[in-house]
2 protein chains.
Amino acid sequence: MTDDKTLILLIEDEPQMRRFLRVSLQSQGYRLIEAETGSDGLVQVASRQPAIILLDLGLPDIDGLEVTEKLREWTTTPIIVISAREQERDKVRALDAGADDYLTKPFGADELLARIRVSLRHRARQEAGQDTPVFQAGKLQVDFNKRQVLLDGEEIHLTPLEYRLLTTLIRHADKVVTHTHLLREVWGPRQANQVQYLRVYMAQLRQKLEDDPARPRFFINEPGIGYRFKSE
Amino acid sequence: MTDDKTLILLIEDEPQMRRFLRVSLQSQGYRLIEAETGSDGLVQVASRQPAIILLDLGLPDIDGLEVTEKLREWTTTPIIVISAREQERDKVRALDAGADDYLTKPFGADELLARIRVSLRHRARQEAGQDTPVFQAGKLQVDFNKRQVLLDGEEIHLTPLEYRLLTTLIRHADKVVTHTHLLREVWGPRQANQVQYLRVYMAQLRQKLEDDPARPRFFINEPGIGYRFKSE
DNA sequence: GAGTCTTTATGAAATCTTTATGCCCAGCCT
DNA sequence: AGGCTGGGCATAAAGATTTCATAAAGACTC
């Protein structure tokens, strides 16, 4: 950390839009890093850990929607989508994929800055109550920063959905989380009634993380309601 | 559980906009309450505790900006501003006053719904790390947020209907609740005269929660009328 | 082609509904 | 007084229905 200015990542291929944003943001004291492609963007999010991501939908390699989905597999960093697509359908898709805001080009710098401040507020509130980068329960350890799960010290590989389901449950540890809530958080609002997904993935998590999958210690079912992660 | 639908408060004076939103939101399964003035809105936020606030800026009494500021003095409930003012200056002011999003009229219902889902996601993440209201009576403890019942510190498993019956009784603690009222709240209006359901489930609750089920301390029958939960 | 996600199928488990039985108590009759 | 009767109740348990767990087959992706 050379300096403590708020770091913003811009994923955008048009040079003139980049120039415009560079000026606007730096004049407000933000530090800006840039990526011209989706895949470079994904790498930079992981390596630089920006406070906010500004994402153009029309990228040369990966579509912005996909970038959003990939990011949401492991991070909750605010994503503000910036796009020329003004169709309502595009907005809904992006927001449901996990974006936090959607601005249509052209837009004013002041509005963007205000929306950035909103996202920073959210992030601050979120971090306030999230003091454990590493979660532990019994012989199970989850490192949210490394996206790593250890059982008895040994690393267990989880697929993206398995990991998201696990972390969602852990965030609500010991609380019953309803089917719809889990599905909305992990699969998105469109899949909110695909209860069978949950059954399948719960079985997989138990298979991988329970001593005796048939007599679970962590992943408790509450019939007719949802599931609960039991931390003790 | 009178209703587990997400509660949304709409603060808006134009009747036709209210009608439009009422239809859109209710079709998605949200429960909507309405306020026509800013001052009424402020009261309702406090009394009904909605999950989200939809706020029109042009209200007859207080300006929406002021409403936002007043709310932000004590609550972080998401506020989505809905306004005809499309000036960038207005947006910036509202967002900086504490609003979480800003939609300019006219807007599509789908976009609003998507932005509501974004706000609900934020709220859920925020609430994940919070502590909860707990009801206590004797050695019985009910944690509404975890949906968990403890007796003498030990966890007692309740089925969905048992739990709803218990919480309904507790919500009216020490008051007699009539048969029909209980049946309506727990089983729905169609089963309002299936009194035998109550007998069966009362017996089960006593079995699980009373020291001596035959001589109940909590679950008191009021012959011919209904039941009463005795808190001491 | 390996890894992952979605879909389908099936038996098991949990829950809900219904039925059956006996209790207690009040009122009523002889 | 004693016994009969019926309403309201508690409880147990059988039947019906819903929900779950799991394996495994298809579909999709890189």
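Chain letters run A, B, ... following the sequence lines, proteins first, then strands; residues in each count from 1.
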- [ ] Evaluate side-chain hydrogen bond (donor to acceptor under 3.5 Å, both in side chains) for A/His122 paired with B/Asp100, printing each intermediate quantity in order.
- [x] CA-CA 9 Å; A/His122 286 158; B/Asp100 294 278; 2.5 Å; yes
Would you please test A/Ser39 and A/Asp61 for side-chain hydrogen bond (donor to acceptor under 3.5 Å, both in side chains) and show each step? CA-CA 7 Å; A/Ser39 48; A/Asp61 55 343; 2.9 Å; yes
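For A/Arg206 and A/Phe218, the positive end is not near the middle of the six-membered ring at less than 6.0 Å and at most 45° from its axis.
One finds a side-chain N or O of B/Arg199 lying less than 4.0 angstrom from the OP1 or OP2 phosphate oxygen of D/dC9. Considering only side-chain N and O atoms, A/Thr159 lies nowhere under 4.0 angstrom from the phosphate OP1 or OP2 of C/dG3. OP1 or OP2 of C/dT7 has at least one side-chain nitrogen or oxygen of A/Tyr197 nearer than 4.0 Å. The side chain of A/His179 places no N or O atom within less than 4.0 Å of a non-bridging phosphate oxygen (OP1 or OP2) of D/dT19. For B/Trp187, no side-chain nitrogen or oxygen approaches OP1 or OP2 of C/dC16 to under 4.0 Å.
Within the nucleic acid shown, B/Phe219 has no heavy atom closer than 4.0 Å to any nucleic acid atom.
For A/Glu66 against D/dT29, a side-chain-to-base donor-acceptor contact under 3.5 Å is absent. Side-chain to base pairing of A/Gln204 with D/dT22: no donor and acceptor N or O lie closer than 3.5 Å to each other.
Taking atom CG on B/Leu198 and atom P on D/dT11, their separation rounds to 14 Å, with Å as the unit. With rounding to whole Å, A/Arg164 atom CZ is found 14 Å from C/dT4 atom C1'. Remark: P of D/dA10 and CD of B/Glu210 are 11 Å apart, rounded to the nearest angstrom. Going from atom CD of B/Glu222 over to atom P of D/dA10 covers 11 Å, rounded to whole Å.
Between B/Gln196 and B/Lys208, it is B/Lys208 whose nearest contact on DNA chain C lies nearer the 5' terminus.
Nearest heavy atoms, A/Pro216 versus A/Ile220: O-CD1, 3.8 Å.
The listed nucleotides are C/dT15, D/dA23, C/dC5; the one nearest the side chain of A/Val200 is D/dA23.
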